Amino acid sequence: MERAGANAVDHTKRFLEPAAEMTEQARRVLNTGLVGTTDKDTMERYFFELLQTETNVAGINYGDEQGNFVYVMKSDGPGPYRTKFITIEDGVRTTDFIWRTADYEVVARDSDPLDPYDARTRPWYLKASNLDRRIWTNPYIFFTSQQPGITVAAPIVFEDDGLQGVVGVDIEISDISDFLSDLQVSESGAAVILHQDGSVLAHPDPNQIKVLNDDGTLSFANIKDIDDPVSRAAFANFEGGTVTNFDLPSNAAFRRNNYLGLFEPLEGIDLPWTVAIYAPENDFIGEIKKNRARNIWIAAGISILTALVGLAIAEIILRPVRAFAVRTSLVSQGEVSANAPLPKTYRELSKANKTLIDEIAQRRDSEAKVQELSRDLAHFSRINVMGQMASGLAHELSQPLTAITQNVDAAISTAKESGTASEDLLTILNELDEQAHQGGDVVRALRGFVRKDEGKTAVFNFNELIDQAKRLMRHEAEENHVKLIYVPAKHPMVKGNRVQIAQVLINLIRNAIEAMAAADTKTREVLVEAKAQEDVLLVKVKDTGPGVPEDVRLFKQFQTSKKGGMGLGLSISRSIVENNGGRLWHDAEAAGQTIFCFTLPRETR
């Protein structure tokens, strides 16, 4: 239960921290003037880029002291993103809406002259401007999506002019309930996240969170009132209905009504939330109670049977030994000749000896298998640690990459406005911007892979993916004196997860480069060829390396020919291709060539 509580606390903090970091970043950009507080078009584009970096952020907004308002949020249609502008000019108020695609293309426009919204009256604006620091609001049900959420906001203050406005980030917390539903506590136990007033913010069953009030609005349910008999029984004796009245210290365990429970506070974030883990006591020891008497009788019966079998085996073993002692005595007394044929008992003794030797050999084989299993388990443990490290790195790298893309965008805009920037400088900045976005895609794909997130599939141009792979692998190829040759497809449109397919393509190219470099081959060439075949696109990666050793079983986990390799690359690549509707295989090697092929479904419409 402590491990489950620690996992829930860690997941919740990692879920909320990006929103706080995004708010701080937006505050710094607006305070320093990189994005003007009155330049609503630039602010919209900046918020749009920030919103694409975090999947759990629902929207970003900014309201000022004059009543102007800019809000970029995710939408159900007619486009995936919607912008709301409230503009006050000469006392005249206008409210405009713009729907955009993921590529920032306008889908639709609308206006609402009767819209009454005023950011200056909202709790997040009032609290942040009064406290003059970053704040978290109390959880509430978002009006548009009807999902539970929370807002983190920070004031924008100029040194000479004082408060200008407040920037806020909305984040939906329903994904935390999805995580809790997968958290294994016991057979009927569960984990929930509670506010200090006892309201349920996250529950394994998301439908338990919201209740319909008499006035038609939605609010959070209390832990003592939800339609969950296990929760009601576990918290039945807690008077007052709030976590603060539970009369328990932090990190406290409790045992009430034959239930075991544990409270874990959400430390490190300025939120009065607590993770509660609870389960019936019988989930842990109920089966032990039922089986105790039965196990005693079974143990007694086994002991008696073992003793009888042991006596029988001892008799079988000692019988030829006693016969040998009798024959020896008769030979010494001269009653039996030493040359007389050996009795049957000696053959039994020899057979027993052979059986003993066979049992020893089988035991050694069993011990060897146990040792091999132990090594495999240790290996899987290291892989699990690496997965956790990869998740941490992906989380830490996402914000620097976002800052890089924003700084590059600002540098491009500044260079274009100055009118003196050279084309070479603009080309370098644009390439840096593209590489930073590509790095962000890889980081998000890595985070999704560690969380077992299969990602979304879409139609994309495989020739563009080849071109990006060429630039990504250019420096590595030059360092190893490898020539990269690319043959694009005439019909390159395919359907799949673009980032995952890019990982497969780069992995195959990198394997080819490393194999030729390790073997020190004279001719070092890698050919990437794409060709349309009916309803699939066939991709071949050929190299002039030494080929695959005969003792290596391809696509089997932990099988590798590389020194220091983990043996997971090809196995993971095959799983990725198959999950995207394709197939990955090693083709018959031609003279001086190693060929790996994979297919992807074509988009033929």
Side-chain angles (χ1 to χ4, degrees), residues 16-64 69-74 80-85 98 100-106 134 151-158 164-171 393-418 421 425-447 468 471-472 499:
L16 297 174
E17 284 172 350
E21 294 169 358
M22 185 179 293
T23 304
E24 285 297 325
Q25 179 181 337
R27 182 185 64 80
R28 289 194 298 269
V29 169
L30 294 174
N31 270 340
T32 57
L34 291 175
V35 174
T37 55
T38 60
D39 187 356
K40 65 178 185 178
D41 294 329
T42 304
M43 187 181 300
E44 179 197 13
R45 184 59 184 262
Y46 173 60
F47 286 172
F48 182 85
E49 296 290 341
L50 280 181
L51 192 59
Q52 289 185 315
T53 63
E54 288 294 338
T55 57
N56 57 326
V57 173
I60 309 173
N61 57 71
Y62 172 75
D64 65 14
F69 183 63
V70 178
Y71 185 28
V72 181
M73 63 173 289
K74 295 175 181 177
Y81 296 91
R82 190 196 77 171
T83 301
K84 178 179 181 179
F85 289 114
I98 301 176
R100 299 184 183 273
T101 66
D103 297 326
Y104 205 66
E105 299 294 332
V106 176
R134 190 189 73 194
T151 299
V152 53
I156 306 301
V157 181
F158 289 175
Q164 300 299 303
V166 175
V167 61
V169 174
D170 295 338
I171 178 173
L393 287 174
H395 170 69
E396 297 297 333
L397 289 175
S398 62
Q399 292 305 317
L401 285 173
T402 301
I404 290 173
T405 59
Q406 299 308 315
N407 291 335
V408 171
D409 288 341
I412 292 174
S413 299
T414 303
K416 289 181 178 179
E417 290 175 0
S418 66
L425 175 59
L426 290 175
T427 300
I428 292 173
L429 290 175
N430 284 321
E431 184 174 355
L432 179 59
D433 183 53
E434 185 176 351
Q435 295 290 349
H437 278 89
Q438 178 69 16
D441 289 340
V442 173
V443 167
R444 283 191 294 275
L446 176 60
R447 179 182 294 177
Q468 292 176 357
R471 280 181 286 174
L472 285 173
V499 175

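In this chain, residues are counted from 1 in sequence order. Computed from a prediction, not measured in an experiment: that's the story for all the values here.
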Work out which heavy atom in [X] is nearest to a heavy atom in [Y]; give both atom names and the distance.
| X | Y | answer |
| --- | --- | --- |
| Met22 | Ile60 | SD-CD1, 3.6 Å |
| Leu50 | Ala26 | CD1-CB, 4.3 Å |
| Thr402 | Thr53 | OG1-CG2, 3.4 Å |
| Phe158 | Thr37 | CZ-CG2, 4.0 Å |
| Ala102 | Pro80 | N-CG, 3.9 Å |
| Leu429 | Ala415 | CD1-CB, 4.5 Å |

Do [X] and [Y] make a side-chain contact, defined as non-hydrogen atoms from C-beta onward lying under 4.5 Å apart?
| X | Y | value |
| --- | --- | --- |
| Val166 | Tyr62 | no |
| Met73 | Tyr81 | no |
| Gln406 | Val35 | no |
| Glu49 | Thr405 | no |
| Phe48 | Thr83 | no |
| Val169 | Val57 | yes |
| Leu30 | Val167 | yes |

Is it the case that the side chain of Glu54 and the backbone of Ala19 share a donor-acceptor pair, with hydrogens and angles ignored and the cut-off at 3.5 Å?
no
N/O donor-acceptor pair under 3.5 Å between Asn430 side chain and Leu426 backbone:
yes
Just to verify, what does Gln435 make a side chain to side chain donor-acceptor pair (under 3.5 Å) with, not counting sequence neighbours?
none
For Asp170, side chain to side chain donor-acceptor pair (under 3.5 Å) partners two or more places apart
Tyr71, Thr151
Salt bridge check: are Glu434 and Arg471 linked by an N-O gap of less than 4.0 Å?
yes
Taking NZ, NE, NH1 and NH2 as the nitrogens, is one of them in Glu44 or Lys40 under 4.0 Å from a carboxylate oxygen of the other?
no
Pairs where residues 25-36 contributes a residue and the test salt bridge (Lys or Arg N to Asp or Glu O under 4.0 Å) is met, not counting sequence neighbours
Glu24-Arg27
Between atom OG1 of Thr427 and atom CG of Leu432, what is the distance when rounded to the nearest 0.5 Å?
12.5 Å
Nearest 0.5 Å please: distance from the OG1 atom of Thr55 over to the NZ atom of Lys74.
5.5 Å
Could you tell me which residues satisfy side-chain contact (heavy atoms from CB on, under 4.5 Å) with Leu34, sequence neighbours excluded, listed by chain and number?
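Leu34: side-chain contact (heavy atoms from CB on, under 4.5 Å) contacts with Val29, Thr32.
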Going by side-chain contact (heavy atoms from CB on, under 4.5 Å), name the residues that satisfy it together with Thr101, two or more places apart in sequence or in a different chain.
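With neighbours one apart ignored, the set is Asp103, Glu105, Val107.
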Tell me every residue that passes salt bridge (Lys or Arg N to Asp or Glu O under 4.0 Å) with Lys84, counting only those two or more places apart in sequence or in another chain.
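Partners of Lys84 by the salt bridge (Lys or Arg N to Asp or Glu O under 4.0 Å) criterion, ordered by chain and then number, come out as Asp115.
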